[in-house]
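Working notes for the structure below.
Below, read A as the first sequence line, B as the second, and so on, with proteins coming before strands; counting in each chain starts at 1. Keep in mind that this is a model prediction, so the values were computed, not measured. All heavy atoms count here, side chains included; hydrogens, waters and symmetry mates do not.
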Protein chains: 2
Amino acid sequence: MTEEAKNTAVRRSYRHGDLRRALLDAGIALARSGGPDAVVLREATRQAGVVPNAAYRHFSSRDDLVRAVRAYALSQVAIAMETELARIPAELPPLAFAQASVRAVGTGYLHYAHAEPGLFKTAFFFHENVDADTDPAKAGRSGMNPFQLLSMALERLATAGGLPPERRLGAEYLAWSAVHGLALLVSEGPLHGMPEVQRQMLGQRLLDMVEKGL
Amino acid sequence: MTEEAKNTAVRRSYRHGDLRRALLDAGIALARSGGPDAVVLREATRQAGVVPNAAYRHFSSRDDLVRAVRAYALSQVAIAMETELARIPAELPPLAFAQASVRAVGTGYLHYAHAEPGLFKTAFFFHENVDADTDPAKAGRSGMNPFQLLSMALERLATAGGLPPERRLGAEYLAWSAVHGLALLVSEGPLHGMPEVQRQMLGQRLLDMVEKGL
DNA sequence: GCCAAATGTGTACGCCGTACACATAAAATA
DNA sequence: TATTTTATGTGTACGGCGTACACATTTGGC
């Protein structure tokens, strides 16, 4: 037992080893199964096998913990988008490549919202404590956040001639609106639990709509 | 003082008069300034000048009170939509009338989301306790809920030939997605506090997108 | 080896939702 | 009108939450 007292295990020594990590993991697990409201500080400390107040050595408040979980969730969303982007054949003609990029970021976004509703909701749970630098997103794997990835895709589209310059400004928000709305209906709204096939179908039609209507 | 001890007033007699109404009013006020999470039962009873447990004679739980507030908020959304629908000149040619209808319901929805972010969020706060008959909405003034009003507008569009039959199925959800997404970005998201003009502009462009892309 | 900094503990407070027994006013019945 | 039932508000209590403050223990630098 060279290394004991790890993240989820109930440690035996006074010191924990990496309590911050353990609390974050617990917070992520809680958010995964219930969204941001389910991230309760005392429960996280319980899972880490530590007294409630120990958390305050690593997070200044419950909200601070939620923020950390949100940063994680946002990076996961970014990764989901990047994964879809990576599937695009590089040899595609410019316009097709750009269109595929827009669809890819949308698909990744929708996919994550369906696969991890709780974390998705945590990632884009505005409402409270929105500080400018955190919003709309934190880091991704490529160093870009979800919003930046969307902007990039739309810029590709504009450059390739698929998006008239006069419609460029604010296009991120229009596309984001459409995709975000469907993501919510699917992840926690009336479309929750919809069969996979129908969900993908609806996602594709929504992206058609965005592409045609932008 | 023929009638005293009304809604917000702190009554003097043992009986309140209409505690249920007073609690609902308080709940609405709380939701208005902070969304569903701000609806705290004890505060509502405080505002009604009554002991906490008195609430349980009228609402079986806090969630029950929130549900009542949500029903109110939904009816207000419906009314906002109906108000916009009423502005449409009846003598318009069928297709134009149908298109105007779709825009009207979208505009009403967006307008309410901007004017009453807290209540809007309460109205469409899925996530918890979604029971089939309550979802997606409760009653409006015309007896229709927001979702039904949207469906009606889209049906007009389909009938007028503005929406190909093969694209009719699920069109409500596509349109709803787009509008709902923007409503969220505006009411509690990164677009919160955006100047009125820009907001309306963005709303119109979004509805353009929906119209062209559906 | 000693001291200071970092990290976990103990105790306590005021919120919250809500269960249960009790008090009182209004309505129904006689 | 007198009495009983029912509706409605009160009192007390419990456990859970976030978190403030003082205290204990370990670790790391000198």
Side-chain angles (χ1 to χ4, degrees), chain A residues 3-27 29-31 33-70 122 127-129, chain B residues 3-27 29-31 33-70 122 127-129:
Chain A
E3 60 169 326
E4 56 179 351
K6 257 350 221 342
N7 309 0
T8 54
V10 184
R11 95 271 120 102
R12 195 160 298 278
S13 60
Y14 192 87
R15 286 304 221 272
H16 182 282
D18 196 352
L19 182 53
R20 187 190 157 87
R21 183 72 232 174
L23 290 173
L24 186 51
D25 284 351
L30 289 170
S33 65
D37 293 355
V39 179
V40 21
L41 200 149
R42 285 178 109 106
E43 175 59 26
T45 60
R46 236 171 271 135
Q47 288 184 20
V50 98
V51 99
N53 287 346
Y56 288 89
R57 298 294 173 190
H58 304 277
F59 300 96
S60 65
S61 66
R62 188 202 85 108
D63 264 22
D64 197 33
L65 173 57
V66 175
R67 267 190 290 271
V69 174
R70 177 163 66 178
T122 307
H127 177 46
E128 279 177 353
N129 53 22
Chain B
E3 58 169 326
E4 55 179 353
K6 258 348 222 344
N7 311 0
T8 54
V10 184
R11 96 273 119 102
R12 194 159 298 280
S13 59
Y14 192 86
R15 285 306 219 270
H16 181 283
D18 197 352
L19 182 54
R20 187 190 156 86
R21 182 73 233 173
L23 291 173
L24 186 52
D25 284 352
L30 289 170
S33 65
D37 293 355
V39 179
V40 21
L41 201 149
R42 284 179 110 104
E43 175 60 25
T45 60
R46 235 171 271 133
Q47 288 184 18
V50 97
V51 98
N53 287 346
Y56 287 89
R57 298 294 174 190
H58 304 277
F59 299 97
S60 65
S61 66
R62 189 201 86 107
D63 264 22
D64 197 33
L65 173 58
V66 175
R67 266 190 290 271
V69 174
R70 180 164 62 177
T122 307
H127 177 44
E128 278 177 355
N129 54 20

More 5' along DNA chain C: A:Ala55 or B:Arg57, using each one's nearest nucleotide?
A:Ala55
With a cut-off of less than 4.0 Å, is there a side-chain N or O of A:Arg46 near OP1 or OP2 of D:dG16?
no
D:dG9, OP1 or OP2 - any side-chain N/O from B:His58 closer than 4.0 Å?
yes
Going by modelled atom types, is there a donor-acceptor pair between the base of C:dT7 and the side chain of A:Arg20 at under 3.5 Å?
no
When you measure only distances, ignoring hydrogens and angles, does the side chain of B:Asn53 come within 3.5 Å of the base of D:dT12 through a donor and an acceptor?
yes
Take atom [atom1] of [X] and atom [atom2] of [N], then tell me their distance rounded to the nearest Å.
X       : N      : atom1 : atom2 : value
B:Leu19 : C:dA26 : CG    : C1'   : 16 Å
A:Asp18 : C:dG8  : CG    : C1'   : 14 Å
A:Leu65 : D:dT19 : CG    : P     : 10 Å
B:Glu43 : C:dC15 : CD    : P     : 11 Å
B:Asp63 : C:dG17 : CG    : P     : 10 Å
B:Tyr56 : D:dG11 : OH    : P     : 17 Å
B:His16 : D:dT8  : NE2   : C1'   : 12 Å
A:Arg21 : C:dT7  : CZ    : C1'   : 19 Å

Side chain of B:Arg42 (C-beta onward), nearest among D:dG18, D:dG11, C:dG17
C:dG17
Given C:dT18, D:dT10, C:dG10, which nucleotide is nearest the side-chain atoms of A:Val51?
C:dG10
Checking A:Arg62 side chain against A:Leu41 main chain: does a donor-acceptor pair fall under 3.5 Å?
no
Spatial distance of atom CZ (A:Arg70) from atom CG (A:Asp63) [nearest 0.5 Å]:
9.0 Å
To the nearest 0.5 angstrom, please state how far the CG atom of B:Leu19 sits from the CZ atom of B:Phe59.
8.0 Å
Can you find a pair of side-chain heavy atoms, one from A:Val69 and one from A:Leu30, that are under 4.5 Å apart?
no
Does the side chain of B:Thr45 come within less than 4.5 Å of B:Val51's, by heavy atoms?
no
